[in-house]
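The structure displayed is predicted, hence computed values, not measured ones.
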Amino acid sequence: MASAASVTSLADEVNCPICQGTLREPVTIDCGHNFCRICLTHYLEIPSLDPEEPPTCPLCKEPFRPGSFRPNWQLASVVENIERLKLVSRLDIEEEDICPEHGEKVYFFCEDDEMQLCVVCREAWEHRAHTVRFLEDAAGPYREQIQKCLECLRKEREEIQGVQSRENRRIQVLLTQVATKKQKVISEFAHLSQFLEEQQSILLAQLERLDGDILKHRDEFDVLVTGEISRFSTLIEELEEKKERPARELLMDIRSTLIRCETRRCRKPEAVSPELGQRIRDFPQQALPLRKEMKMFLEKLCFELDYEPAHISLDPWTSHPKLLLSEDHQQARFSYKWQKSPDSPQRFDRATCVLAHGGFTGGRHTWVVSVDLAPGGSCTLGVVSKDIRRKGELRLRPEEGVWAVRLAWGFVSALGSFPTRLALEEQPQQVRVSVDYEVGWVTFANAVTQEPIYTFTASFTQKIFPFFGLWGRGSKFSLSSQEGAATLP
């Protein structure tokens, strides 16, 4: 059975645009709109400003011929069916308002039994001592309670929607991180596979050379030994023949023959020369670079899966006027020419430094800085606390909220309470900076060789920002979340 709301919606679709009531004897004019026959007849009786012009549709104002409207029997049938549905709907509503026991209209509500009552039920003995109210009076407090419940439920729904939105964003971030780590694993193993193939080719080539040298020595040894055996065989045959001769012939030249035999010494060649033997013994040393590379690979992979690449950019509002930033805020160059930069509380006015956007209040983050120093230049890298001093002299030490190292021309220093020059195998051109906020570690390493540079231990209580300082005409640096960062052209 159709609901009252749906019947009402259908009835609105078959209303006459003129009288706003249900269509009676619907007719259709040239433009396709429908009206009651009587309404359209009365409409045509209204005199127009220009009697020569044809009448226009009350809805779309399209002209139509007065005698062209025609009955719409199909629409009339639809209207008749809707009227029947309206009647049935009204009967259903009336039946709902009737007491099923006494056939009387329901007016009251019993609070104790939560029952709707007619006049007869109201006077019944079982309800006489109960709290009975008119339906509307009884419904009022419940409407208020429902309204309060709705407000609470809507509030809780909004909170749940907020949680859902936050968690969905968090899940999306996690999915992105997993995808990044997956790509990193694929990339690192591809690099390792290529390296292993190259090392395999090198080691196999060395073994092939050793194999060839061993075979060469074997052939030389065989030739030498065969010659010696041949010479000794000839001398043995000569002596055996001499021994069987008569005394007179045996004694002829006997002394020279014996001297020749006694002075004949066997050369004892070696199948494997000392030099070749040493090469074979030293071969395992050729695999040491492979062992070192595998160790570096595992350390680097575990590190990069543990730390999240930080996609940072330089904040031009903090940059000293002598630092020239690239348009994408990924590179900086030192210039003695001051840039036209508006002064602000965030900008460094004396120390030629710049901060990165955003900062961190938790988590593990890592980024790479490629450094290109001019003679006499220097570059300072690290992190600083949010309230770092921007105006006047800046003291680069942990007590002032600065955890950084300085790369100078030919040496690297850790800027602790007292600067410490570090002993490194090589001057790094790319430095990986890593932060573990919760543990309080700020770690620096050579991004190419993975050689550790220095680690600060701190206790962070506020937001920290990546920090960069630069000095020396022509000195520059660029940022990257991975190795291989491009430098300024």
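Taking the centre of each ring, Phe460 and Trp403 come in below the 6.0 Å mark. With ring centers used as reference points, Phe360 lies 6.0 Å or more from Tyr437. You'll find the ring centres of Phe465 and Phe467 outside the 6.0 Å limit. Between Phe468 and Phe477, the distance from one ring center to the other falls under 6.0 angstrom.
Within a 6.0 Å radius of CD in Glu425, no more than 12 heavy atoms belonging to other residues, nucleotides or ligands are found. For NE2 of His191, the number of neighbouring non-hydrogen atoms (other residues, nucleotides, ligands) closer than 6.0 Å is 12 at most. Atom CD of Glu151 is surrounded by more than 12 heavy atoms from other residues, nucleotides or ligands within 6.0 Å. Counting heavy-atom neighbours within 6.0 Å of Trp338 CH2, excluding the residue itself, gives a total above 12. Residue Arg122 places its CZ atom among more than 12 non-hydrogen atoms of other residues, nucleotides or ligands, all under 6.0 Å distant. Taking a 6.0 Å sphere around CD of Gln330, one finds it holds more than 12 heavy atoms contributed by other residues, nucleotides or ligands. Summarising the local packing, CZ of Phe134 is surrounded by 12 or fewer heavy atoms from other residues, nucleotides or ligands at distances under 6.0 Å. Heavy atoms from other residues, nucleotides or ligands lying under 6.0 Å from CD of Gln20 number more than 12.
Between the SG atom of Cys118 and the CG atom of Asp97 there is a distance of 12.5 Å, given to the nearest 0.5 Å. With rounding to the nearest 0.5 Å, the separation of CD in Gln346 from CZ in Arg390 is 6.5 Å. In this structure, CG in Leu470 is found 10.5 Å from NZ in Lys476, a value given to the nearest 0.5 Å.
A salt bridge links Asp343 to Lys391: at least one charged side-chain nitrogen sits closer than 4.0 Å to a carboxylate oxygen.
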